[in-house]
Student: 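Quick one: structure below, then a few questions.
Order of the sequence lines sets the chain letters (A, B, ...), proteins ahead of strands, with each chain counted from 1. A quick note: this is a predicted structure, and the numbers were derived from the prediction, not measured.
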Amino acid sequence: MLKIYNTLTRSKETFKPRVEGKVGLYVCGMTVYDYCHIGHARVMVVFDTVARYFRYSGYDLTYVRNITDIDDKIIKRANENGEGFLALTERFIDAMHEDERALSVLPPDIEPKATQSMADIIKMIEALIKKGLAYVGGNGDVFYSVAKFENYGKLSGKNIADLQAGERVDIDKAKKDPLDFVLWKMAKPGEPSWDSAWGKGRPGWHIECSAMSTCCLGNHFDIHGGGMDLQFPHHENEIAQSEGATGEKFVNLWMHNGFVRVDEEKMSKSLGNFFTVREVLKNYRPEIIRFFVLSSHYRSPLNYSDEQLEDAGAALTRLYTALRGVEVIENACDPEYKMRFEQAMDDDFNTAVAMAVLFDLARELNKVKSDASRAGVLASTLKTLAGVLGILQNEADDFLKGGEAENGLSEEDINQQVQARIEAKNNKDWAKADEIRDQLKAQGVIVEDIAGGKSSWRRENV
RNA sequence: GGCUGCUUAGCAAAAUGGUUAUGCAGUGGAUUGCAAAUCCAUCUAUGGCGGUUCGAUUCCGCCAGCAGCCUCCA
């Protein structure tokens, strides 16, 4: 029985889909004006794993993750670069997809863009005005009247009085109330714009997600996810917009993932302490990054450091080493490990515990290597379960021998050396054999003798 | 200031009202020509002070520290 932590109730709840066997999942994606950093990677990997597990569990899932491709930051960046905003967003959308593929993140079923959802956005704003929940402000922008929406703040645990007391932004004269937020923003000369009843403009930051999610999944759907920082105001405003416009409940369950930190501080654009996915990929292989992300629970903070990434690499090496040389028996699965794995994942997607099961599995696999049939079953189980997490899908040898292809020795060179060492060993010329091994070690290659006078090798530091 | 959440061994990270997490590192042993890999054993733990309880790391309260949101942010 799958349990998921619901931000709305601040407790784990048994998951009950609206329609038996079906799940609608919407996740707030990127605003595409820059490269993805590791924080974005966490969202992508976490919800990809959630999606994989739903499917593995037999649900018919519709996974929607939007792209916000028009907003102030995009316009600003495009101006700075002296390029059109479409050229800019197109570049970063491509880059994002590239990063995703590297991290084995499967594409969502639907990936709507704000710029392609203008009709729905405008329709929703019109509905809000009609219901008296929105108004045209002194500057022509359209605002949401927060005070008119009952239950405002129920997701983030805030109330209007506290928010007003804590108000510290300069008051916008165009608004009736400082808490009101913009739904439609009038275009300045030269800015990209779309026609509307209120004049040429563009959507405010929150409305596009309300429009795209309800459009793709219906007015009321199962799960909405995103980073913790979106809880307020973004998701709070989405609720106000969607429920205000449709009069129906918006979302049953809200999932929020924790931050990636650097030196115990949130990784973010504004702090400038972020590492882009492509930067990190220069030093670590993609599967290691994915493993690192899933090694802690999705709601916990995740501290980014070289030590952590290296640990992840070592751990992954252990799993691949267990698989090395074992003939996988297709479709076989050990029920005991399967059950333990599912229990872990059923408990609010506890990937850390699920991984611990994989390590227990690897230990037993190492023990029974001489028993080909048992080993084959365990190896198959290991690959299948790890596949739900999106890891361990490479050939063991490819993983262990891959990496640092550029500066390192070529495979041919290594094989030659290893062969030379075997000859030395056969001649009992230990000094020579050790010398070869030391030389390879110095170049990041570890030689390991295996039964039958053979040797295997792998690259250090994956 | 208001509101969340966190505090587990050398590092990372789970779980649990009384029983081995797991990975890396350490120690001892097996294996090995020697290593590596692997296996076995083993050492480090639950921020502080109270309370509930037969028993609390786990529940409750207070304190301290940390992080986050309240402004763009995944």
Student: Can you tell me which nucleotide in B:A36, B:G68, B:C34 comes closest to the side chain of A:R421?
Tutor: B:C34

Student: Look at the side-chain N and O atoms of A:N350 and state whether any lies under 4.0 Å from the OP1 or OP2 oxygen of B:A15.
Tutor: yes

Student: To the nearest 0.5 Å, what is the distance between OG1 on A:T276 and NE2 on A:H40?
Tutor: 11.0 Å

Student: Could you label the plane-to-plane angle of the A:F221 and A:F250 rings as parallel, tilted or perpendicular, counting under 30° as parallel and over 60° as perpendicular?
Tutor: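 A:F221 and A:F250: perpendicular rings.
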
Student: Which one is paired to B:C39, where only Watson-Crick or G-U wobble pairs with both distances under 3.5 angstrom count?
Tutor: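 Its partner is B:G29 (Watson-Crick or G-U wobble, both distances under 3.5 Å).
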
Student: Please report the distance separating the P of B:U42 from the corresponding atom of B:A21, rounded so that it comes out in whole Å.
Tutor: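 Their P atoms lie roughly 11 Å apart.
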
Student: Side-chain N or O of A:T31 less than 4.0 angstrom from OP1 or OP2 on B:C72?
Tutor: no

Student: What is the base-pairing partner of B:C62, counting Watson-Crick and G-U wobble geometry with both distances under 3.5 Å?
Tutor: B:G48

Student: What's the closest nucleotide to the A:K367 side chain, out of B:C39, B:A35, B:G68?
Tutor: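 Nearest nucleotide to the side chain: B:C39.
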
Student: Among B:A12, B:G33, B:U22, which nucleotide sits nearest the side chain of A:Q308?
Tutor: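 Nucleotide nearest to A:Q308's side chain: B:A12.
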
Student: Donor-acceptor pair under 3.5 Å: do we get one between A:R437's side chain and the base of B:A35?
Tutor: yes

Student: As a test of reading the structure: which of B:A74, B:C72, B:A36 is closest to the side chain of A:H40, going by heavy atoms?
Tutor: B:A74

Student: Sort out the partner of B:A56 for me: Watson-Crick or G-U wobble, both distances under 3.5 Å, none otherwise.
Tutor: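 B:A56 is unpaired by these criteria.
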
Student: Can you name the closest pair of heavy atoms from A:F291 and A:A312 and give their distance?
Tutor: CD2-CB, 3.7 Å

Student: Which of these nucleotides, B:C11, B:A74, B:A37, is closest to any side-chain atom of A:R324?
Tutor: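 Side chain of A:R324 sits closest to B:A37.
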
Student: Considering Watson-Crick and G-U wobble pairs with both distances under 3.5 Å, what does B:U20 pair with?
Tutor: none

Student: Nearest to the side chain of A:D347 - B:G33, B:A15, B:C72?
Tutor: B:A15

Student: Suppose you measure atom C1' in B:G26 against the same atom in B:C43; what distance do you get, rounded to whole Å?
Tutor: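 Here B:G26 and B:C43 have their C1' atoms 8 Å from each other.
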
Student: From the list B:G2, B:A37, B:A74, which nucleotide is the closest neighbour of the side chain of A:N257?
Tutor: B:A74

Student: Taking CG from A:L294 and C1' from B:A13, how many angstroms apart are they, rounded to a whole number?
Tutor: 13 Å

Student: Ring centres within less than 5.5 Å and planes less than 30° apart: is that true of A:W430 and B:G33 in this structure?
Tutor: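 Here A:W430 meets both the 5.5 Å and the 30° conditions.
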
Student: Would you indicate which nucleotide in B:A14, B:A37, B:G23 comes nearest to any side-chain atom of A:R363?
Tutor: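 Side chain of A:R363 sits closest to B:G23.
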
Student: Look at the side-chain N and O atoms of A:K266 and state whether any lies under 4.0 Å from the OP1 or OP2 oxygen of B:C69.
Tutor: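 Yes.
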
Student: Side chain of A:L230 only, heavy atoms from C-beta on: which candidate in B:A74, B:C24, B:A15 is closest?
Tutor: B:A74

Student: Looking at the side chain of A:R10, which of B:U4, B:G33, B:G23 is the nearest nucleotide?
Tutor: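 Selected nucleotide (nearest to the side chain): B:U4.
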
Student: Once you apply the 3.5 Å cut-off to both distances, tell me the Watson-Crick or G-U wobble partner of B:A67, or none.
Tutor: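 For B:A67, the partner nucleotide comes out as B:U4, under the 3.5 Å rule.
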
Student: With ring centroids as reference points, do A:Y284 and A:F275 lie under 6.0 angstrom apart?
Tutor: no

